[in-house]
Protein chains: 2
Amino acid sequence: MAIDTAAAKQQVLDAADALFYERGVQAVGMDAIRTASGVSLKRLYQLFPSKDVLIEAYLDRRNILWETMLNEHVEAKTDPRDRILAVFDFLYDWSQQRDYRGCAFINAFGELGSVSPRVAELALQHKEGFRQALIGLAKAAGAEDPDRLADHLILLSEGAITRSAISGGSDPALRAREAASLILDASLRH
Amino acid sequence: MAIDTAAAKQQVLDAADALFYERGVQAVGMDAIRTASGVSLKRLYQLFPSKDVLIEAYLDRRNILWETMLNEHVEAKTDPRDRILAVFDFLYDWSQQRDYRGCAFINAFGELGSVSPRVAELALQHKEGFRQALIGLAKAAGAEDPDRLADHLILLSEGAITRSAISGGSDPALRAREAASLILDASLRH
DNA sequence: CAGTGCGGAGAACGTACGTTCTCCGCATCT
DNA sequence: AGATGCGGAGAACGTACGTTCTCCGCACTG
């Protein structure tokens, strides 16, 4: 029973994730999620008692998935400088997915940030998590001012994420990597 | 008569701009715009025959306003390097407005980009206009590879715009300016 | 003064959505 | 076999929205 519930939750989240990310949160009705997940409406509501809860679960899942993918790219490298640049390799790979639509948190924030404090908070937490990860990488690379370097790298990353979404290619990630390299040259010089 | 129409259009656009930008496009009903603009629903529909048309007019207006504000900041400087950095001064001033909510085009794209080709196109055009402006500034500054430099600067700008929106302060613009300065050091070195 | 047409206020219509309710089959327990 | 309760399908309900329609007052024409 518990295992069925978990499996059903996963099915619903799979469907919700795909639909929310593709069309935006508000544009997707509970009925579309029901149809896509093959679960009954009653069951859907006992798994996620409201759309807000489902949205939150969707964002949680995106956050975890994002961190996982990022870590995989970073941990494939050993050299501290390469580990920083791996962030942009990740963004490149990500932006090449056919269903790529930018950052789910930025999109959700744009839709609901001013009306849903919870969504605004989750977006902030997601970005803060990314910031901490970059600070860690910057420290490991021996940056003089890791916070500052991390902020600079974040700006390039966010820029690449949204520009890829709007213009459709993966070039922005490549360009961001170049720019990051320039900034690393300047910030790791001792 | 024609002048009244123009004035009424302006009133409607003022109201629509404030509401769309603040709450997102889909969350604002025509009735809210009617109430805020003080115009009758009939008149509203004869000025803008559908919500889609109004959204388009809203984005057009944002684009013009944005370019105007950017140009004002850039033209206040004469030194080519300062003119590039003025872009970030503009972003700083903009992000300090109390109702600041990031880039209207990114927000609209997140909501409607996958369902409205027109919105996707307008977002792309807006970003492309920005890109061309930066290329011009980069050329004037004597950059070796103006396109590349412009792309790097765009990434920092977009990053600053969205990060300010989510975390709420103006720090990102300051940090973007610093990073831009580093990149200029590397790209204008001859 | 009677007639005419335009503009405003808001009711009305059709649709879509979030959420709840009804009905019914079916598996399980005695 | 009869009773019981859970799950599925989808109807139903209330609300909100985009858009259109109705009604009415009022300014202007003869």
Can you check the D31(B) CG to dA9(C) P distance for me, whole Å?
12 Å
Among dT19(C), dG7(D), dT19(D), which nucleotide has an atom closest to any side-chain atom of M30(B)?
dT19(D)
Atom OH of Y45(A) and atom P of dC6(D): how far apart are they, to the nearest Å?
22 Å
Length of the CZ-P vector between F48(B) and dT19(D), whole Å
13 Å
In whole angstrom, what separates L41(A)'s CG from dC17(C)'s P?
13 Å
Can the positive tip of R34(B) be found less than 6.0 Å from the middle of the six-membered ring of Y45(B), inside 45° of the ring normal?
no
Parallel, tilted or perpendicular: rings of H73(A) and F90(A) (30°, 60°):
tilted
As a test of reading the structure: which of dG8(D), dG7(C), dG8(C) is closest to the side chain of R43(B), going by heavy atoms?
dG8(C)
Rounded to the Å, how far apart are L54(A) CG and dC17(C) C1'?
14 Å
Could you state the NZ-C1' distance from K42(A) to dA12(D), rounded to the nearest angstrom?
15 Å
Has K127(B) got a side-chain atom pairing as donor or acceptor with I154(B)'s backbone, closer than 3.5 angstrom?
no
Would you indicate what K51(A) reaches in the nucleic acid, counting non-hydrogen atoms under 4.0 angstrom: base, sugar-phosphate, or nothing?
sugar-phosphate
Between P of dA16(D) and CD of Q26(A), the distance in whole Å:
15 Å
Rounded distance (Å) that lies between atom P of dG10(D) and atom CZ of R34(A)
7 Å
Do the numbers put R62(A) on top of the ring of Y21(A), so that NZ or CZ is under 6.0 Å from the six-membered ring centre and no more than 45° off the axis?
yes
